[in-house]
Each structure stands twice: as C-alpha cells, then as structure tokens.
2 protein chains.
Amino acid sequence: MSQTVDRALSILPLLAEGPADLGQVADRLGVHKSTALRLLRTLHEHGLVYRQSDQRYRLGARLFALAQEAMENLDVREIAHPHLVRLNESCGHTVHLAVYEENEVLYIDKVESRYPVRMYSRIGKPVAITVAAVAKLLLADLPEHERRAVAEKLDYPMYTSRSTPHASAFLRELEKVREQGWATDLGGHEESINCVAAPIRGADGRVVAAMSVSAPNVVVTADELLTLLPLVRRTADAISGEYSGRTPVKGTV
Amino acid sequence: MSQTVDRALSILPLLAEGPADLGQVADRLGVHKSTALRLLRTLHEHGLVYRQSDQRYRLGARLFALAQEAMENLDVREIAHPHLVRLNESCGHTVHLAVYEENEVLYIDKVESRYPVRMYSRIGKPVAITVAAVAKLLLADLPEHERRAVAEKLDYPMYTSRSTPHASAFLRELEKVREQGWATDLGGHEESINCVAAPIRGADGRVVAAMSVSAPNVVVTADELLTLLPLVRRTADAISGEYSGRTPVKGTV
DNA sequence: AATGAAGGTTGCAGATATTGCAACACCGCA
DNA sequence: TGCGGTGTTGCAATATCTGCAACCTTCATT
C-alpha cells in the first residue's frame with residue numbers, strides 16, 4: 001500500500017538470510033543504490049538494521065527488543081506459563097504453547113525438560129501447520145469458510161508417511177478434532193515424535209491458543225502418551241478459566 | 001532520512017507498549033488517520049503488525065521469526081554456545097554472552113542452571129551498561145574517543161550503592177578493565193549478585209563479544225566466584241580461537 | 001427499532017517527499 | 001600512482017504520499 005515502506009520492509013527478510021552489502025540490497029530490491037542506501041539508513045536509525053565492521057548490513061538489535069516486548073504483551077502466554085511449567089514438572093515432557101495468526105501457527109512458549117539450553121530456538125518459528133496437533137486445534141476452530149480457505153492454500157509436505165497428505169484429508173481431520181476437543185500428532189512431523197494437544201478458550205468459547213505435550217517414541221509409546229490426555233486437558237481448561245476470568249485490559253481508551 | 005519509512009517504523013515501538021487502535025496510532029504519530037491506516041496496512045502485509053479481533057493492532061509474528069533468524073546468523077553465538085554450556089556444567093552458575101551494538105550492550109545467549117524456564121526472557125534486552133561486567137569489557141575495547149563519547153552520553157542509575165556513579169568513574173574503570181583483560185561486577189546491579197567476565201576476541205584482536213559467570217552471594221561469595229576467573233578466561237580464549245580460526249563466510253560476493 | 005456516535009475506509013487533487021542520475025569521494029590494491 | 005569497486009551527495013522530475021471530506025460499518029443508547 002505504501003511503496004517506500006514496502007521496499008524498506010522487504011529489506012528485513014532479505015537481511016535475515018545473512019549480511020549483505022549495499023549493492024546486493026539494491027539489486028534484490030530492484031532499486032537504485034542511492035535509494036537502497038536511504039532506506040537502509042532509515043532502518044538503521046530505528047535500530048532494525050546494523051552495519052557491521054565490514055560495512056555490510058545485517059539485522060539489528062532493536063529487533064530482538066521488539067520481539068521481546070511483543071512476546072511479553074501476549075497475556076495468554078503470561079497466564080499459561082506457570083501451568084505449563086507445572087505440567088512439565090509432573091510429566092517431564094516438552095510442553096508447547098501456540099497461537100494462530102494470519103495463516104500461520106507459531107509457538108509462543110515452550111518448556112523443555114531435558115535440554116535446558118536454547119529453548120527459545122523454536123519459539124517464534126512457524127509450526128508445521130498441516131500436522132502439528134496444536135495447529136489442528138487452532139485451525140479447527142476457524143469459521144467454516146475460513147478454515148476451508150486456509151486449508152486449500154496450504155502446502156502439504158510429506159514429512160513422514162503419516163503426514164497429512166492433502167487439503168481434504170486435513171479438513172476431515174479438523175472436523176474430527178473440532179468434535180472431540182483435542183488433537184494428536186502421531187509421527188506426522190518427525191517419525192518418532194508424538195504429541196497430544198488441548199485447546200485454550202477465551203470467555204466466548206473461541207480457541208485462543210493451544211498447548212501440547214510432545215515426547216519421542218523411545219521414551220513413551222504413543223499409547224502411553226495418550227494416557228496424559230486428561231492431564232493435558234485439565235491444564236488447558238485451568239488456563240482457559242484463568243484467561244477468561246481475567247479483568248479485561250488496562251487500556252487508556 | 002525517509003519520512004514515510006520513518007513514520008512507519010515509529011509505529012513498532014509504539015505498539016510494543018501494547019495494542020493500540022487506529023486513532024491512537026495516528027495521534028501519536030501526528031498524522032491523519034488515513035495516513036496511519038496506510039502505514040499500518042503496509043506493516044501488516046509484511047507481518048510485522050497484526051490486527052487482533054477487536055480491530056486493534058499489535059506487533060506481529062514475523063517479528064519473532066526475523067529476530068530468530070537474526071539471532072541464528074550471529075556466528076559468535078553459534079561458536080560460543082557449546083563452550084558456554086560446558087562452562088555451565090562445570091561450575092553450575094548462570095553464563096551470559098553479550099555483544100555491543102550502537103550504544104547498547106545486549107545478551108545474545110544465556111545458560112542458566114537453576115531455572116530452565118523462560119531463559120530467553122533476558123536475551124535481547126539491553127544490559128545495564130554502566131555496571132555489567134560484560135559491558136565494561138565491550139566498551140573498554142572501543143577506540144578512546146568513542147569510548148569517551150559513549151561514557152558521556154550514558155545515564156548512571158544507582159541500582160545499588162556500588163553502581164558506577166558517573167562518567168569519569170566509569171572511564172577509569174574501563175581503563176582498568178582494558179589493562180587487566182577481564183572485568184567484574186560486584187553487586188553493582190543487584191545487591192547480591194556478582195559476575196566475572198572475560199572478552200572474546202576476533203582474529204584482529206578486537207573484542208567481538210564478552211562472556212560472564214554470575215552467581216548470587218548466597219551461593220558463593222565474591223571471592224569464591226573470583227576463583228573461577230581462570231576458567232572463564234580459558235573458556236573465552238577457546239571461543240576466541242575458534243572464532244578467529246574459522247573460515248570467513250560463504251557470501252556470494 | 002431507530003438514532004446517533006465513534007471508529008474505520010475510500011477517492012481525489014495538491015503538494016511534498018522520493019527517486020534515479022551523474023558526479024564525487026573513499027578505500028584497497030596492483 | 002593510478003585504477004576498480006563501493007559508498008555517498010545534490011539536484012531536478014515526478015511518482016508517491018498526504019490530508020481532506022464523505023461514506024460506511026458497528027455498536028450503544030433512547
């Protein structure tokens with residue numbers, strides 16, 4: 001809608017791939033070097049872009065800070081977190097929290113028992129939307145037509161032989177998930193990983209987030225993991241309760 | 001440098017404070033609603049801004065993904081990480097990795113022993129630059145005039161009675177740190193927390209990052225923590241070696 | 001149920017801000 | 001010392017953005 005801003009913002013994903021110099025940026029944007037320079041300068045002033053010692057540009061620090069703050073403003077996450085931790089303590093497996101946004105599902109929190117380090121590494125990354133248990137729950141709650149529209153638009157990569165193969169299979173699965181109120185991913189993304197997930201609902205009953213417990217086959221079988229379902233659902237319900245009972249917002253308007 | 005982009009980017013920190021509606025954004029930008037709308041739309045198309053169900057805008061998902069990727073492209077971090085983990089395993093304390101960028105010092109990695117959860121919560125946040133041990137190391141390595149310039153510009157909040165009180169004290173401290181090649185923060189930020197830090201240097205000898213070990217008084221006294229100094233320095237040197245020995249980059253130019 | 005208010009959206013004409021150019025400055029290198 | 005590759009700046013043309021005003025939608029009120 002705004003050409004200048006559009007161009008400027010296009011620089012960000014480009015730099016996300018790795019550092020680039022002025023010429024490269026200009027080329028990939030299809031603009032004159034001087035134009036690219038001015039855009040980069042503006043991004044730079046806002047700290048979104050950083051100029052390293054070899055003069056090349058890369059993404060800047062402010063970006064982290066922004067992502068940070070954005071994260072902290074997600075109140076579902078804040079409320080859910082202690083519950084996730086408790087669940088993790090009682091079952092020992094990896095616990096995820098995810099939300100849907102603009103055709104993407106992304107993890108916004110994760111508690112992992114075994115590998116305390118780099119646990120943020122997945123947070124913020126889009127989820128394998130066609131197979132992840134949390135994605136199924138989030139999409140299943142979309143209005144019929146939107147759900148269909150999204151399903152049609154998606155790619156259906158066959159991560160494993162049990163991945164969702166195509167839109168109609170996906171829609172059928174969503175229908176099932178919608179009815180039963182929980183979802184699983186049994187080796188659909190990684191051959192040896194299974195997940196059980198339950199929805200978190202707002203006061204109006206709409207699904208606002210989904211949480212899951214994941215564990216590799218070698219630790220517990222899929223059947224064993226399924227025995228955790230009641231616990232997962234109880235946790236999700238507890239979060240739902242707290243979330244919807246909460247006083248609205250403090251906003252000044 | 002580019003007004004339109006400048007305005008658009010100003011929206012981001014604004015939304016970082018919390019969701020806002022069109023009118024609020026327009027007011028705070030000092031532009032007409034329609035203008036704000038078009039800027040927001042552009043940001044939206046790039047996924048940097050998300051429109052929640054109540055029509056208000058907040059920061060979007062792509063931001064996480066970008067911050068993600070930016071993070072992963074920091075090769076110091078990648079190289080350092082296993083070393084940090086090993087250090088953490090051997091001493092049990094919190095280990096930090098930080099870099100300097102544009103008048104700010106920020107943590108880019110952290111390994112924490114006791115509290116496995118939410119460890120990313122600090123990563124990306126600016127460090128208390130006037131007191132943190134890692135900040136001292138990073139600033140101490142700046143060229144004389146730049147160091148002075150930065151020191152003059154800073155605020156010197158008295159977090160505790162042992163915080164660095166003003167620019168000249170800070171510059172003296174930096175000088176000392178510069179000479180001895182390591183730094184400490186003894187209760188300068190949190191009364192009961194001490195840190196020891198060592199620099200990580202690139203092939204040219206310049207400090208590219210700094211790492212530290214932090215522990216509360218109740219666990220080890222400052223003196224005990226100082227006994228870890230050799231280990232910390234050795235770790236930092238190991239990272240330096242690996243970092244500078246590494247093959248440059250794969251870049252296409 | 002109708003009315004009004006508040007916020008969001010669109011088309012348009014004016015004018016400002018952006019663009020590409022070309023010349024210049026800079027750096028490293030032969 | 002001269003050369004190639006990059007980054008940087010001033011300028012004129014104009015494409016782009018802006019603010020306006022009218023319109024639409026939604027929601028709350030009477």
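Here is how names work: the chains are called A, B, and so on, in the same order as the sequence lines, proteins then strands, and each is numbered from 1.
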Considering only NZ, NE, NH1 and NH2 on the basic side and carboxylate oxygens on the acidic side, decide whether K176(A) and E179(A) come within less than 4.0 Å.
no
Rounded to whole angstrom units, what separation is found between the CG atom of D6(A) and the P atom of dA15(D)?
19 Å
D27(B) CG to dG19(D) C1', in whole Å, measures 15 Å
Flag, side chain of K136(A) to backbone of T184(A), donor-acceptor distance under 3.5 Å:
yes
Donor-acceptor under 3.5 Å (Y100(B) side chain, N103(B) main chain):
yes
Considering just the side-chain nitrogens and oxygens of R41(B), establish if one lies under 4.0 Å of OP1 or OP2 belonging to dC17(D).
no
Side chain of D21(A) only, please: which of dG8(C), dG7(D), dT8(D) is the nearest?
dG7(D)
Any luck finding a side-chain donor-acceptor pair between R38(B) and T42(B) under 3.5 Å?
no
Short N/O separations, protein against nucleotides 19-24 of chain C, under 3.5 angstrom:
residue : atom : partner : partner atom : Å
dT19(C) : OP1  : R7(A)   : NH1          : 3.2
dG20(C) : OP2  : H32(A)  : N            : 3.2
dG20(C) : OP2  : T35(A)  : OG1          : 2.6
dG20(C) : N7   : S34(A)  : OG           : 3.2
dG20(C) : N7   : R38(A)  : NH2          : 3.1
dG20(C) : O6   : R38(A)  : NH2          : 3.2
dC21(C) : N4   : S34(A)  : OG           : 3.3

M1(A) CE - dG8(C) C1' separation (whole Å)
14 Å
Say whether D109(A) and H81(A), considering side chains only, have a donor N or O and an acceptor N or O under 3.5 Å apart.
yes
Taking CZ from R56(B) and P from dG8(C), how many angstroms apart are they, rounded to a whole number?
11 Å
Under 3.5 Å, side chain of S212(A) to main-chain N/O of A197(A), donor-acceptor pair present?
no
Could you list the protein-to-nucleotides 28-30 of chain C atom pairs, N/O on both sides, closer than 3.5 Å?
none

d(CG, L22(A); P, dG7(D)) in whole Å
5 Å
In whole Å, I'd like the distance from the CD atom of Q24(B) to the P atom of dA6(C).
15 Å
Do the side chain of R201(B) and the main chain of V207(B) share a donor and acceptor less than 3.5 angstrom apart?
no
Does the pair R147(B)/E175(B) count as a salt bridge with the N-to-O cut at 4.0 Å?
yes
Matching residue for E242(A) among D237(A), V76(A), I79(A) - test: side chain to side chain contact (heavy atoms under 4.5 Å, CB included)
I79(A)
